[in-house]
Amino acid sequence: MNNPLYQQNIISIADLTRSDLELILETAQSLKQTPQPELLKNKVVASCFFEASTRTRLSFETAVQRLGGSIIGFDSGGNTSLAQKGETLADSVKVISSYADAFFMRHPQEGAARLASEFTDIPVINGGDGANQHPTQTLLDLFTIYETQGTLDNLNIAFVGDLKYGRTVHSLAQALSRFNCKLFFIAPEALAMPDYILEELNDKNIGYSVHASIEEVIDCLDILYMTRVQKERFDETEYQHIKSAFLLDAAMLNNVRDNLKVLHPLPRIDEIAKDVDDTPYAYYFQQAQNGVYARQALLALLLTNHFQAKV
Amino acid sequence: MSDYKLQVEAIQNGSVIDHIPAHRGLKILKFFKLAQANEKITVGLNLNKNNGQQKDLIKVENTFISDEQANQLALFAPGATINQIKNFKVVNKFKVQLPDAFVGVLACPNSNCISHNEPVKTQFYVNNRTELKLKCHYCEKSFNRSFFNELD
């Protein structure tokens with residue numbers, strides 16, 4: 001059976017259907033359980049970071065190597081012809097993609113991955129384009145929710161922290177709108193979820209509510225997705241005043257559901273106290289590790305037509 | 001009809017863009033660079049409609065508005081009509097229609113959008129017809145008309 005993602009691009013979560021998402025998650029689970037160290041043998045993958053990133057790059061490059069593929073590329077745009085000689089991204093993509101079987105890229109400008117996909121025939125995977133999309137992060141988040149809850153339907157999922165500027169929470173909320181979850185938003189007023197996301201949720205009849213603190217909802221949650229409230233966005237007194245509503249410590253977890261998992265895209269600063277790490281609810285480090293499996297799943301599906309997920 | 005004749009002189013051949021919302025007529029002239037050709041143009045601003053509201057009207061001699069221009073007109077005047085005139089008679093009359101997408105017409109208002117620096121045409125999808133919201137094909141941001149300098 002052909003897989004519908006074979007030789008496709010992964011640019012934006014909005015391009016993926018519910019069944020595409022399910023196929024990716026099943027494939028990630030299969031690869032986590034049954035490693036395929038030779039699946040990408042003789043395949044070369046370009047890993048092009050026009051903007052530096054540590055976790056995304058290492059996780060992606062690990063994914064390629066765990067599948068037996070090899071990597072060409074660069075880890076920051078500064079030394080490329082693009083930066084030094086003024087080459088267009090379109091030309092860079094044409095040249096680099098003629099060497100490789102897939103093109104993974106991060107770029108500081110919005111729309112860069114979409115544009116790249118129009119100048120090459122090999123699959124392009126967006127590793128983050130400015131403030132726009134970061135679909136592989138969303139896929140690893142979805143995979144972690146699916147892995148820990150066994151489903152993506154009918155879950156209570158709370159998002160905490162900076163919901164205004166965090167593209168991670170925007171994309172994840174958009175992806176979850178394809179499933180039947182109830183969403184809870186907990187953020188300082190100045191960092192609330194933007195209206196366009198709320199409108200999308202309304203259009204899809206997804207239930208959501210807004211709350212002033214984590215404690216209001218924590219006992220009914222299946223997933224608590226924490227993000228950092230950046231100090232720089234507030235003056236010092238204001239920050240001290242608001243921050244306590246958006247911090248999590250182990251004492252707050254006394255009456256939560258057994259299946260609750262706390263997630264965070266990392267890095268965390270102080271929004272999750274260290275004592276949470278030792279509770280059975282902490283899952284953010286496994287979540288980061290799942291980035292490798294989610295990215296392996298994409299590579300397997302984009303580059304091999306015959307790979308069958310064995311779950 | 002008699003009102004129009006009283007207010008704006010008839011043309012022999014060309015196009016009449018009618019039912020333009022008041023205050024948008026001059027913007028349309030500027031956007032389509034209609035005045036740069038040397039054809040005679042008659043512009044009516046703030047003309048009274050029967051319903052007490054006001055409208056603008058543009059008559060361009062010896063110029064026929066293309067389908068593409070008619071689509072673009074919808075950015076300014078979604079309810080406008082175009083009359084093609086031959087020998088003082090209306091030979092064709094149609095309403096402008098908002099297309100599904102605009103290609104190569106508008107620059108993206110997002111200064112960090114990749115479309116500014118690369119050899120591509122901009123592309124916007126119409127994702128809200130009543131409020132006129134346009135979504136950039138590249139940066140995926142949606143904008144209403146007030147964000148576009150060209151439409152100002």
Side-chain angles (χ1 to χ4, degrees), chain A residues 9-16 48 50-51 77 80 82-83 85-95 105-120 124 126 128-135 138 164-165 167 170-171 174-175 194-200 202-204, chain B residues 21 31 66-69 71-72 74-79 97-152:
Chain A
N9 304 303
I10 304 294
I11 306 296
S12 172
I13 281 294
D15 301 340
L16 298 169
C48 298
F50 298 91
E51 176 186 62
T80 61
L82 183 76
K85 298 174 187 168
E87 187 178 39
T88 61
L89 175 62
D91 280 2
S92 298
V93 171
K94 273 188 204 168
V95 173
M105 63 180 286
R106 167 167 290 202
H107 195 282
Q109 283 184 280
E110 289 98 47
R114 178 82 64 198
L115 181 131
S117 72
E118 292 169 357
F119 288 88
T120 176
V124 172
N126 185 4
D129 59 327
N132 183 32
Q133 283 273 325
H134 190 4
T138 308
K164 182 175 181 185
Y165 297 100
R167 70 180 169 192
H170 301 164
S171 297
Q174 287 170 313
D195 286 343
Y196 77 92
I197 300 278
L198 300 181
E199 282 165 21
E200 281 187 44
N202 286 334
D203 288 346
K204 293 185 175 160
Chain B
F31 182 81
S66 68
D67 288 350
E68 199 185 345
Q69 286 174 315
N71 284 341
Q72 293 170 12
L75 288 168
F76 299 90
Q97 296 241 334
L98 205 54
D100 294 332
F102 288 96
V103 178
V105 180
L106 301 163
C108 185
N110 171 11
S111 59
N112 200 40
C113 176
I114 194 78
S115 63
H116 294 291
N117 323 81
E118 296 287 327
V120 289
K121 284 184 174 172
T122 61
Q123 197 168 332
F124 289 89
Y125 304 109
V126 177
N127 68 355
N128 186 326
R129 287 174 176 270
T130 38
E131 289 173 38
L132 188 65
K133 267 199 177 168
L134 302 176
K135 183 174 183 179
C136 175
H137 166 70
Y138 290 101
C139 74
E140 302 185 33
K141 282 192 166 37
S142 290
F143 306 95
N144 60 34
R145 65 188 318 283
S146 65
F147 282 88
F148 293 92
N149 290 333
E150 299 93 327
L151 304 182
D152 213 14

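Every chain is numbered from 1, with letters handed out A, B, ... down the list of sequences.
Shortest non-hydrogen contact noted between A/Pro108 and B/Asn112 is O-ND2, 3.0 Å. The two residues A/Glu110 and B/Lys141 have their closest heavy-atom pair at OE1-NZ, 4.3 Å.
For A/Glu87, no part sits under 4.5 Å from any heavy atom of chain B, backbone or side chain. B/Asn110 touches chain A through its side chain: at least one heavy atom from C-beta onward sits under 4.5 Å away, while N, CA, C and O do not.
A 6.0 Å sphere centred on CD of B/Glu150 holds more than 12 heavy atoms belonging to other residues, nucleotides or ligands. The local environment of CG in B/Asp67 is sparse, with at most 12 non-hydrogen atoms from other residues, nucleotides or ligands closer than 6.0 Å.
Of the inter-residue distances, the one linking A/Arg114 atom CZ with B/Cys136 atom SG reads 10.0 Å to the nearest 0.5 angstrom. Taken to the nearest 0.5 Å, the NE2 atom of B/His137 stands 8.0 Å off from the CG atom of A/Leu115.
Without hydrogens or angle criteria, B/Glu118 side chain to A/Leu89 main chain gives a donor-acceptor distance under 3.5 Å.
Chosen from A/Gly130, A/Ser12, A/Ala113, the residue pairing most often with chain B at heavy-atom distances under 4.5 Å is A/Ser12.
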TODO: Carefully, step by step, assess B/Asn117 and A/Thr88 under the rule side chain to side chain contact (heavy atoms under 4.5 Å, CB included).
DONE: CA-CA 8 Å; B/Asn117 323 81; A/Thr88 61; over 6 Å; no

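Residues B/Tyr138 and A/Asp129 are not in side-chain contact: their nearest non-hydrogen atoms beyond the backbone lie 4.5 Å or more apart. Contact of the A/Gln109 side chain with the B/His116 side chain is not registered, since no non-hydrogen atoms from C-beta on lie closer than 4.5 Å.
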